[in-house]
Protein chains: 2
Amino acid sequence: MRISELGRVTGVPVATVKYYLREGLVHPGRATGATQAQYDQTHVARLRLARALVQVGGLSIVSAREVMTTLDQPEKSLHEVLGTVHDSLPPQPDHPGTPRAQSLVEDLGWQVRPEATALRQLEQALRVLEEVGAPASEQGLQSYARLARQIAELDVASVPRASPDDAATAVIVGTVLWEPLLLALRRLAQEAVSAESLDGHQSRPDQPRP
Amino acid sequence: MRISELGRVTGVPVATVKYYLREGLVHPGRATGATQAQYDQTHVARLRLARALVQVGGLSIVSAREVMTTLDQPEKSLHEVLGTVHDSLPPQPDHPGTPRAQSLVEDLGWQVRPEATALRQLEQALRVLEEVGAPASEQGLQSYARLARQIAELDVASVPRASPDDAATAVIVGTVLWEPLLLALRRLAQEAVSAESLDGHQSRPDQPRP
DNA sequence: CAATAATGGAGAGTGCTACTCTCCGTGTCA
DNA sequence: TGACACGGAGAGTAGCACTCTCCATTATTG
C-alpha cells in the first residue's frame, strides 16, 4: 500500500504520516523508486500505536519514539523493556528524589532500580502535596501502594508470554494506554462512592472567602 | 504583602504571578491605590494550588481556572464540586461515548451521571485499545473497576468533612494531585512485580521485524 | 524634599511543540 | 501523453504558557 492508503486506513492525515516517518515514529517503507514506497500491515500497526501514544497517552513525539524504539531491540528482556518505557514517560521531574520515596518502597519490599524515573515522580508528587498543605499520610500511602501493587499484578499477568511477538507491544500498551483507563475508572468510582456517602443534596457550609 | 513577596514566598516568578492574576487563577488583591495592592495567605494558598494543578496535574490554564472556580461556590455540595472538577479535567474526548462504558458502570451498580466526562474518557480508552489490537477483556475491566472502587473509597473517606473550609480544596487535591501519585506507584509496583515474575535476565525471543 | 526604586496592569513578544502547507522532481495510470 | 498522485524536505502555522517591556503611580531612601 502507498502512503495515501496508509493514511486512509488509519484515519491519520497523510501530512501527519509523513511527519511521523520523518521523526522516526514509524519505520520507512520499502522504496520502489525515487519517489515511491510500499507500506504494509506493520506500518499500519505502528502508526496506530504511535498515534495512540501521542494523542491518548500524552507522550511527546520524542518520548513516543523512545518508547517505540524498544520494539526494535529484541535483545532486551521484557523487564528491561518495562524499565526503558517507564523512564521515557512524562513527567520528567527535575529535582532529584529525597529519601522518602526510596524508604517507602523499601518498607514495602519492592525491588526497584534506585534511578527509576517513577521514584522521582513519586517524590515529586509527595513534595507537591506537602507544599499545597495536604501532605500524604503514611497510612494513606500504604493503602494506595497496596492497591497499586494489585493493579500491577494484573498488568504483569496479562502480558502474553506465549506469543512473544506481541509481548513487548503488550508491555507498552499495558503501561501507557491503560493509564487513562485507570484514571477514568477512578473518577467514575469516585462519583459513585460520593453519591452514596457524601450527601449529594446538601450544600456545604459557608467558608471564609479571600 | 505585595506581589514581589508573594512571588518570593511561593517561588513563582512575579511575571507568572501577574499572568495568573490576569487569567483569574488567583483572585485579585485588595487595591490600595492605582498601582498598589495587598495580598494575603489566601493568595499564597491559591497560587500554590494553581501552580500544582498546572505543573503537576497537567491542567491547562483554562481547566485550572474552571477547577478553582468551584472554590468560590459554597452553594454547591461536595458531590457537585467533584462532578464539576471531573468535567474540567483533561482529556476532553470529542467523540460521544458508545454504550460499552455505560453498560459497564451499570453492571457494577455505579451511580454516575450519564453525561459525566469520565464516561467518555473511559469509552475513548476502550476504543483506542481496540484500534491498537489489544482490546480490554471483560474480566480485566471488572478487576480494574473493583480496584478503582477501593481507591475511590479511600479518596472519599479522606475528605475532611469536619472542617468544611478545606473540604472543597481536599476534593480537588485528592482528585487531581493524587493521580500522578497513583500512576507513579503503579509504575513502581510494575517494576517490582516484573522483577519477581518476569524473568529479568533472559532475553525475549526474536520477533518478526517490519 | 528629591531622587531612586518598586509596583500593578496591559499588550506584545518568545520559545516550544505538533502538526500542516508548499514545492518539486518523479512515477503511475487512463 | 497528459493529468494526477507520490515521497520527501523545508518552511510556515496555531496554540499555549509564559516572559518582556512600558508606563503612570506609589513607596522608600538619602
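In what follows, chains are A, B, ... by sequence order, proteins preceding strands, each numbered from 1.
Minimum heavy-atom separation, A/Ser63 to A/Ser88: OG-O, 3.2 Å.
Protein atom CD of A/Glu23 is 14 Å distant from nucleotide atom P of C/dT20, rounded to whole Å. Look at CD on A/Glu5: it is 10 Å from P on D/dC6, rounded to the nearest Å. One can place CG of B/Leu6 at 15 Å from C1' of C/dG9, the figure rounded to the nearest angstrom. Across the protein-nucleic acid pair, B/Leu47 atom CG and D/dA17 atom P stand 16 Å apart, rounded to whole Å. Rounded to an integer number of Å, the gap from A/Tyr19 OH to D/dC6 P is 22 Å. Rounded to an integer number of Å, the gap from CZ of B/Arg8 to P of C/dA6 is 11 Å. Residue B/Arg2 contributes atom CZ, which lies 16 Å from atom C1' of C/dG9 at whole-angstrom precision. Atoms CG (A/Leu25) and P (C/dA18) sit 9 Å apart, rounded to a whole Å.
The side chain of B/Gln36 lies closest to D/dT26 when the candidates are D/dT19, D/dG7, D/dT26. Looking at the side chain of A/Ser4, the nearest of the listed nucleotides C/dG11, C/dT20, D/dC6 is D/dC6. Residue A/Lys18 places its side chain closer to D/dA9 than to any other of C/dG25, C/dC19, D/dA9. Among the nucleotides C/dT20, C/dA12, C/dT26, the one closest to any side-chain atom of A/Ala34 is C/dT26. Set against D/dG7, D/dC18, C/dC21, the side chain of A/Ala15 has C/dC21 as its closest nucleotide. Here the nucleotide nearest the side chain of A/Val54, chosen from C/dG27, D/dA17, C/dC19, is C/dC19.
A donor-acceptor distance shorter than 3.5 angstrom exists from the side chain of B/Gln92 to the backbone of B/Asp87, with no hydrogens or angles considered.
The local environment of CD in B/Gln111 is sparse, with at most 12 non-hydrogen atoms from other residues, nucleotides or ligands closer than 6.0 Å.
Annotation: salt bridge (charged side-chain N to carboxylate O under 4.0 Å, His left out) contacts involving residues 171-194 of chain A, sequence neighbours excluded, comprise A/Glu179-B/Arg187, A/Arg186-B/Asp155, A/Arg187-B/Glu179, A/Glu191-B/Arg113.
Nearest-nucleotide mapping onto DNA chain C: of A/Thr32 and B/Leu21, the residue sitting toward the 5' end is B/Leu21.
For B/Pro90, the side chain to side chain contact (heavy atoms under 4.5 Å, CB included) partners two or more places apart in sequence, or in a different chain, are B/Leu59. B/Glu138 is linked by a salt bridge (Lys or Arg N to Asp or Glu O under 4.0 Å) to B/Arg100, counting only residues two or more places apart in sequence or in another chain. In this structure B/Tyr20 satisfies the ring-ring contact (aromatic ring centres under 6.0 Å, His included) test with no other residue, sequence neighbours excluded.
Of the side-chain N and O atoms in B/Tyr20, one or more sit less than 4.0 angstrom from OP1 or OP2 of D/dC18.
Side-chain to base pairing of B/Arg22 with C/dG11: one donor and one acceptor N or O lie within less than 3.5 Å of each other. Residue-to-nucleotide contacts include a donor-acceptor pair under 3.5 Å from the side chain of A/Thr35 to the base of C/dT26.
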Between the protein and nucleotides 1-5 of chain C, list the N/O to N/O atom pairs that are separated by less than 3.5 angstrom.
none

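Taking every heavy atom of residues 55-66 of chain B and every atom of DNA chain D, pairs under 4.0 Å involve B/Ser60, B/Ile61, by number.
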